[in-house]
Amino acid sequence: MIQVLKPEHKIQTKRIIGHIEGEEKGPTLLFFGGIHGNEHAGVLALEHVFQKLDKESLHIKGNLFGIRGNLPALLEEKRYIDSDLNRMWIKSEILEIQQKQEPELTIEERELLKILKIISKILITKAPPFYFVDLHTTSSKTLPFVTINDALINRKFSRLFPVPIILGIEEYLEGPLLSYINEKGYVSLGFESGQHNELNAIKNSISFLWLSLVFSGALNKEAVPDFEGHFKQLQKSARNNTDFYEVVHRHAIQKINGFHMKKGFRSFEKVPKGTLLAKEGERELKATKDTIVFMPLYQEQGEEGFFLIRKIPKWALAWSAFLRRIQMQAFLSYLPGISWKDEQKHVLLVNLKVAKFLTKPFFHLLGYRNRTLDKNRILMQNRERTAKNGIYRNEWWYKTKG
């Protein structure tokens, strides 16, 4: 049975929950909790695991960091104070923030700069391979799940965990922390452990942390107290669901006070065509076809009312991996209506008036996610071209087939 520390009455205000330097070379892991201030489960789980690591004489390899996210929002138990810290990690915005004077900065801009300083220092002073894990919870009931930007290194590592995996959410969100990390080419996973304030969400986060330490090679499996129990904790909470899903729709809230999600929905719930999902003002929002509801909003703060997802067939995942391995994307710029936007050949510019025969699912197979410029042009960014596969090539999970 997993023993959970009772939540502290007083929220800790130190940025670093813990830092452990191992006795020999190994991976560098950065765990984040509380990027959203109303999501305490990840912080409590990190406090619990780092206390355990401090007490036990475990043979740790590499470097482990536990980092608190939005400290002011954590103290007020709000998602954010001025703006969403998990929507600000865009290169152009970061440059603008860095050029501001201290009095001009908002609360979340200050938090971003402090976290960015920590990340930058670790990337310079510590050794690869690097792993980034961002712990979250949701306002609705849910199975625990992993979200990743769709690079093969993320797929390979995330499939080790006995939970469903969501691809493509970065296509619908601007500025998540992990998208910023992914653009640097490192393995990065978001873990949503359950509903806010549920004890099981803390337990799931604790189990995910222990499994991450083992799968990354920071700890030997035999050194973890009740490794099998942690694996089964996630397996049971996820109801044996280890499927891959793709986000196909995001409902962006126009005005938060006018949006009301119909009560009772939970993530991964299948709903038939015509189901009333929410109301926005006088408008009823109904499912236009049979679909799966994902992260319905049941809290005051938030920019997304709900998402819709669909299951990805295994053959599509396998075909996608094959096309990427043979670098099929290198030939795309020879097709009509498609050109490289940058010299590094990371971003494609697609003219939809010319390239009518190409669809989003086709680009997704090759690892591209889109950003719309206007009704006729979209940008396609390829995660595989920025992925630092070389630093993970000798990891056991990278070499495992499947």
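Along the sequence shown, residues are numbered consecutively beginning with 1. None of these values were measured; they are calculated from a predicted model.
For the pair Asn154 (side chain) and Ser188 (backbone), a donor-acceptor distance under 3.5 Å is present. Under a 3.5 Å cut-off, the side chain of Thr242 and the backbone N or O of Pro162 do not form any donor-acceptor pair. Within the 3.5 Å criterion, the main-chain N or O of Gly22 finds no donor-acceptor partner in the side chain of Lys61. Under the 3.5 Å distance criterion, the side-chain polar atoms of Asn38 are left unmatched by any main-chain donor or acceptor of Glu77. With hydrogens and angles ignored, the 3.5 Å screen pairs no side-chain donor or acceptor of Ser120 with any backbone N or O of Lys117. Tyr172 places a side-chain N or O within donor-acceptor distance of the main-chain N or O of Val248, the cut-off being under 3.5 Å.
Between the side chains of Ser179 and Asn149, at least one donor-acceptor pair of N or O atoms lies under 3.5 Å. Checked by atom type, the side-chain pair Asn200/Gln233 shows a donor-acceptor distance below 3.5 Å. For the residue pair His36 / Gln301, no side-chain donor-acceptor distance below 3.5 Å is found, with atom types taken as modelled.
Residues satisfying the side-chain contact (heavy atoms from CB on, under 4.5 Å) test with Glu282, not counting sequence neighbours, are none. Here Gln235 pairs with nothing under the side chain to side chain donor-acceptor pair (under 3.5 Å) rule; sequence neighbours left out. Considering only residues two or more places apart in sequence or on other chains, Ala238 meets the side-chain contact (heavy atoms from CB on, under 4.5 Å) condition with Pro144, Val163, Pro164. In terms of the side chain to side chain donor-acceptor pair (under 3.5 Å) criterion, residue partners of Arg87 (sequence neighbours excluded) are, by chain and number, Glu304. With sequence neighbours excluded, the residues satisfying side-chain contact (heavy atoms from CB on, under 4.5 Å) with Glu284 are Leu276, Lys279, Lys286. Not counting sequence neighbours, the partners of Glu198 by the side chain to side chain donor-acceptor pair (under 3.5 Å) test are Lys141. Partners of Ile292 under the side-chain contact (heavy atoms from CB on, under 4.5 Å) rule, at least two apart in sequence or in another chain, are Tyr245, Lys270, Ile309. In this view, Arg239 satisfies the salt bridge (Lys or Arg N to Asp or Glu O under 4.0 Å) rule with no residue, not counting sequence neighbours. With sequence neighbours excluded, the residues satisfying salt bridge (Lys or Arg N to Asp or Glu O under 4.0 Å) with Glu76 are Lys78.
With respect to His196, the side-chain hydrogen bond (donor to acceptor under 3.5 Å, both in side chains) criterion is satisfied by exactly one of Arg79, His40, Gln299: Gln299.
A distance below 6.0 Å separates the ring centres of Tyr392 and Tyr131. Taking the six-membered ring for Trp, Phe294 and Phe268 have ring centres closer than 6.0 Å.
Using a 4.0 Å cut-off between a side-chain N of Lys or Arg and a carboxylate O of Asp or Glu, Arg325 and Glu384 do not qualify as a salt bridge.
For Lys263 and Tyr298, the positive end is not near the middle of the six-membered ring at less than 6.0 Å and at most 45° from its axis.
Screening residues 142-154 for salt bridge (Lys or Arg N to Asp or Glu O under 4.0 Å), with sequence neighbours left out, gives Asp150-Arg155, Asp150-Arg324, Asp150-Arg369.
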If you apply the rule salt bridge (charged side-chain N to carboxylate O under 4.0 Å, His left out), what do you find for Glu269 with Arg266, and how did you get there? CA-CA 6 Å; Glu269 180 177 344; Arg266 57 190 302 155; 6.0 Å; no
Using side chain to side chain contact (heavy atoms under 4.5 Å, CB included), reason through Trp89 and Ile115 one step at a time and then give a plain yes or no. CA-CA 11 Å; Trp89 295 85; Ile115 295 170; 3.9 Å; yes
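Relative ring orientation between His249 and Phe306 is described as tilted, the plane-to-plane angle lying within the 30° to 60° band.
Side-chain contact between Phe363 and Ile338 is present, with heavy atoms from C-beta onward closer than 4.5 Å. Residues Trp210 and Leu53 form a side-chain contact, since some pair of their non-hydrogen atoms from C-beta on lies under 4.5 Å apart. With a 4.5 Å cut-off on side-chain heavy atoms, Leu379 and Leu349 count as touching. Put simply, the side chain of His251 does not reach to within 4.5 Å of the side chain of Met261, judged on heavy atoms. When side chains are defined from C-beta on, Ile16 counts as touching Ile67, because their heavy atoms get closer than 4.5 Å. The shortest side-chain heavy-atom distance between Ile97 and Leu116 does not fall under the 4.5 Å cut-off. Looking only at side-chain heavy atoms (C-beta outward), Leu160 and Leu211 stay at 4.5 Å or farther from each other. Contact annotation: the side chain of Lys156 never approaches that of Thr400 to less than 4.5 Å [non-hydrogen atoms, C-beta and beyond].
Within a 6.0 Å sphere centred on CH2 of Trp315, heavy atoms belonging to other residues, nucleotides or ligands number 12 at most.
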Please set out all donor-acceptor pairs under 3.5 angstrom arising from side-chain atoms of residues 214-225, sequence neighbours excluded.
from   : atom 1 : to     : atom 2 : distance (Å)
Ser216 : OG     : Ser212 : O      : 2.8
Ser216 : OG     : Leu213 : O      : 3.2
Lys221 : NZ     : Glu228 : OE2    : 3.3

Listed pairs under 3.5 Å, donor-acceptor, residues 103-111 side chains, sequence neighbours left out:
from   : atom 1 : to     : atom 2 : distance (Å)
Glu104 : OE1    : Gln101 : N      : 2.8
Thr106 : OG1    : Glu109 : N      : 3.2
Glu108 : OE1    : Asp82  : N      : 2.8
Glu108 : OE1    : Ser83  : N      : 3.1
Glu108 : OE2    : Asn70  : ND2    : 2.8
Glu108 : OE2    : Ile81  : N      : 2.7
Glu109 : OE1    : Lys100 : NZ     : 3.2
Glu109 : OE1    : Thr106 : N      : 2.9
Glu109 : OE2    : Lys100 : NZ     : 2.8
Arg110 : NE     : Glu102 : OE2    : 2.7
Arg110 : NH1    : Leu105 : O      : 3.0
Arg110 : NH2    : Glu102 : O      : 3.0
Arg110 : NH2    : Leu105 : O      : 3.4
Glu111 : OE1    : Arg15  : NH1    : 2.9
Glu111 : OE1    : Arg15  : NH2    : 2.9
Glu111 : OE1    : Leu71  : N      : 2.9
Glu111 : OE2    : Arg15  : NH2    : 3.1

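The structure places OG of Ser158 at 12.0 Å from CZ of Phe191, a figure rounded to the nearest 0.5 Å.
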